[in-house]
Protein chains: 2
Amino acid sequence: MKAFDTAETSFDSHTHDHRRCVRSALQTAEALCQQHGVRLTALRRRVLELVWTSHCPVGAYDLLEMLSKDQGRVAPPTVYRALEFLLANGLIHRIESRNAFVGCPHPQEAHAGHFLICRVCGAAAELSDPGIEATLDQRAGELGFFVEAKTVELRGLCKGCRARRPDGGEQSA
Amino acid sequence: MKAFDTAETSFDSHTHDHRRCVRSALQTAEALCQQHGVRLTALRRRVLELVWTSHCPVGAYDLLEMLSKDQGRVAPPTVYRALEFLLANGLIHRIESRNAFVGCPHPQEAHAGHFLICRVCGAAAELSDPGIEATLDQRAGELGFFVEAKTVELRGLCKGCRARRPDGGEQSA
DNA sequence: GGCGATAAGTTATACTATAACATTATCACG
DNA sequence: CGTGATAATGTTATAGTATAACTTATCGCC
Ligand SMILES: [Zn+2]
Ligand SMILES: [Zn+2]
Ligand SMILES: [Zn+2]
Ligand SMILES: [Zn+2]
């Protein structure tokens, strides 16, 4: 396993060509589902696309509303079931501290999703780091705890937002 | 800052004298509130005591129900406001992945609450480790991210529960 | 005791998520 | 093709979590 992060693409949502992110995510998803023998139906595909509308975690009821624009009226189970599928297949992650969902940029690789979440722009960048994994596993192991799932969510200010308005920034007092 | 954890006290809830945990937590809270010039009212004290009924995270509506046994009918804002106060003063932590709250065993020391949460017995052990802090801060710092709050929640099996019933335990396959 | 500030009570409502059952689509097989 | 098993979606109702907005009570101080 090697380290990666999506800070660059996630935190400059307004400058990069996000349509490429979406297209890429959908293509990868298609391929992966094919490969795993599961069905990325039109609905699931559409929900994945909607989740990918930005790099900000999006709530289930936001998705519901967006979906309603296409289809007529949509009920909660519709979107929750799609989300469940996408989660199960590693195509999205759930952000616990926000009750929201965000697209996974590298669903091919097995990984726990660790996130940096900016309180100003709202974007979430995923990061994976063998160092973090190892440190957490080791510490848990010392205590006899067997880790099955990890939630790591760091909230604060992204680079861009710190530059734009340095409220509560790093170097203050 | 030094490392600590509460795995022993949290994960053997049925064998240790938990009344001591509660008494100690309440005393520390009294002292701390006095010291900080904030009011640990009867209600807030009671909610803190109820949160401490066990080492398992407890939901707001569970607290509501417990409170109703004392006082008559109680409405949600009552318990949420008490929780808000206790959170603000570091006397409890919120477990994001459970929408629940757990008492903090060392509210004197500034710290991010990191947790091991057993899926069988439900107990949550708090751990603080400079290594974890450092690893997370460093990785975030590399990406220009300024961390203000950390949520770290590891779910799995505690030592005792692994011993009692080794389903999905460590050494399998 | 009067007064400003903080806390608690009250009512209503928003937001998040799932249970349970009906209907429709898909696919393997004959 | 038909047909039945399986998976997916639709539909209705309800459970669970959290806050807004306003009123009343309490506290600390003069
Ligand atoms: Zn993008
Ligand atoms: Zn930002
Ligand atoms: Zn205890
Ligand atoms: Zn356990």
Side-chain angles (χ1 to χ4, degrees), chain A residues 29-30 33-34 36-51 56-89 91-102 122 151 153, chain B residues 29-30 33-51 56-89 91-102 117 122 151 153:
Chain A
E30 300 271 20
C33 287
Q34 175 103 27
H36 289 26
V38 295
R39 291 163 56 196
L40 186 64
T41 62
L43 178 64
R44 292 165 174 174
R45 193 178 189 282
R46 178 64 177 138
V47 170
L48 179 59
E49 187 180 15
L50 290 172
V51 168
C56 299
V58 55
Y61 281 74
D62 296 331
L63 292 168
L64 203 55
E65 195 170 336
M66 296 187 228
L67 259 187
S68 305
K69 302 262 161 76
D70 310 341
Q71 357 249 125
R73 163 183 153 69
V74 179
T78 298
V79 66
Y80 277 103
R81 283 193 287 234
L83 290 170
E84 186 181 26
F85 171 88
L86 297 171
L87 281 171
N89 290 279
L91 299 169
I92 62 174
H93 293 286
R94 180 183 164 85
I95 307 294
E96 298 290 350
S97 57
R98 302 262 228 187
N99 295 330
F101 305 85
V102 70
T151 295
E153 297 172 9
Chain B
E30 300 271 19
C33 287
Q34 176 102 28
Q35 190 178 317
H36 288 27
V38 295
R39 291 164 53 196
L40 186 64
T41 62
L43 178 64
R44 291 165 173 174
R45 191 178 189 284
R46 179 65 178 136
V47 170
L48 180 59
E49 187 179 15
L50 290 172
V51 168
C56 298
V58 54
Y61 281 74
D62 296 331
L63 292 168
L64 203 55
E65 195 170 338
M66 297 186 226
L67 260 187
S68 304
K69 303 262 162 75
D70 312 341
Q71 358 249 126
R73 162 182 153 69
V74 179
T78 298
V79 65
Y80 276 103
R81 283 193 286 234
L83 290 170
E84 185 181 26
F85 172 87
L86 298 171
L87 281 171
N89 290 278
L91 300 168
I92 62 174
H93 293 286
R94 180 182 163 85
I95 307 294
E96 298 291 350
S97 57
R98 301 263 230 187
N99 295 331
F101 305 84
V102 70
I117 306 159
T151 294
E153 298 172 10

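So that the names make sense, note that chain A is the first sequence line, chain B the second, and so on, each numbered from 1.
Under the 4.5 Å side-chain criterion, counting only non-hydrogen atoms from C-beta, B:V47 is not in contact with B:T78. At a threshold of 4.5 Å between non-hydrogen side-chain atoms, the residues A:E30 and A:R45 count as touching.
Sequence order on DNA chain C of the closest nucleotides to B:N99 and B:A42 puts B:A42 first from the 5' end. Residue whose closest nucleotide on DNA chain D sits further toward the 5' end, between A:R73 and A:A82: A:A82. Each of B:P77 and B:L43 was matched to the nucleotide of DNA chain C holding its nearest heavy atom; the match closer to the 5' end belongs to B:L43.
No engagement by B:R46 is indicated, since no non-hydrogen atom pair under 4.0 Å with the nucleic acid exists. In this structure, B:R94 reaches the sugar-phosphate backbone alone: every heavy-atom distance under 4.0 Å involves primed, P, OP1 or OP2 atoms, never a base. When heavy atoms are screened at a 4.0 angstrom cut-off, B:R81 is found touching base atoms of the nucleic acid.
To the nearest 0.5 Å, the span separating CG on A:L91 from CG on A:L40 amounts to 7.0 Å.
Between the CG atom of B:N89 and the C1' atom of C:dA7 there is a distance of 14 Å, rounded to whole Å. With rounding to whole Å, B:Y80 atom OH is found 16 Å from C:dG9 atom P. Remark: P of C:dT16 and CD1 of A:I95 are 14 Å apart, rounded to the nearest angstrom. Nucleotide C:dA8 holds its P atom 11 Å from the CD atom of B:E84, rounded to whole Å. For the pair A:L63 CG and C:dC15 P, the computed distance is 15 Å after rounding to whole Å.
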For residues 60-77 of chain A, which side-chain N or O atoms pair as donor and acceptor with protein atoms under 3.5 Å away, sequence neighbours left out?
from, atom 1, to, atom 2, distance (Å)
A:D62, OD2, A:G59, N, 3.3
A:S68, OG, A:L64, O, 2.8
A:D70, OD1, A:R46, NH2, 3.1
A:D70, OD2, A:R46, NE, 2.5
A:D70, OD2, A:R46, NH2, 3.2

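For C:dT6, the OP1/OP2 oxygens have no side-chain nitrogen or oxygen of B:R39 closer than 4.0 Å.
Open room surrounds CD on B:Q34; 12 or fewer heavy atoms of other groups in view lie less than 6.0 Å from it.
Inspection of the B:E153 and B:S97 side chains reveals an N or O donor paired with an N or O acceptor under 3.5 Å.
Applying the 5.5 angstrom centroid cut-off and the 30 degree plane-angle cut-off, the aromatic ring of A:Y61 is stacked upon the base of C:dT16.
Scored by the side chain to side chain contact (heavy atoms under 4.5 Å, CB included) test, A:R98 finds A:I95, A:A100, A:I117 as partners (sequence neighbours excluded).
Here the range on DNA chain D touched by chain B, meaning any atom under 4.0 Å from one of its heavy atoms, is D:dT17 to D:dC27.
Nearest nucleotide to the B:T78 side chain, out of C:dT11, C:dA7, C:dG9: C:dG9.
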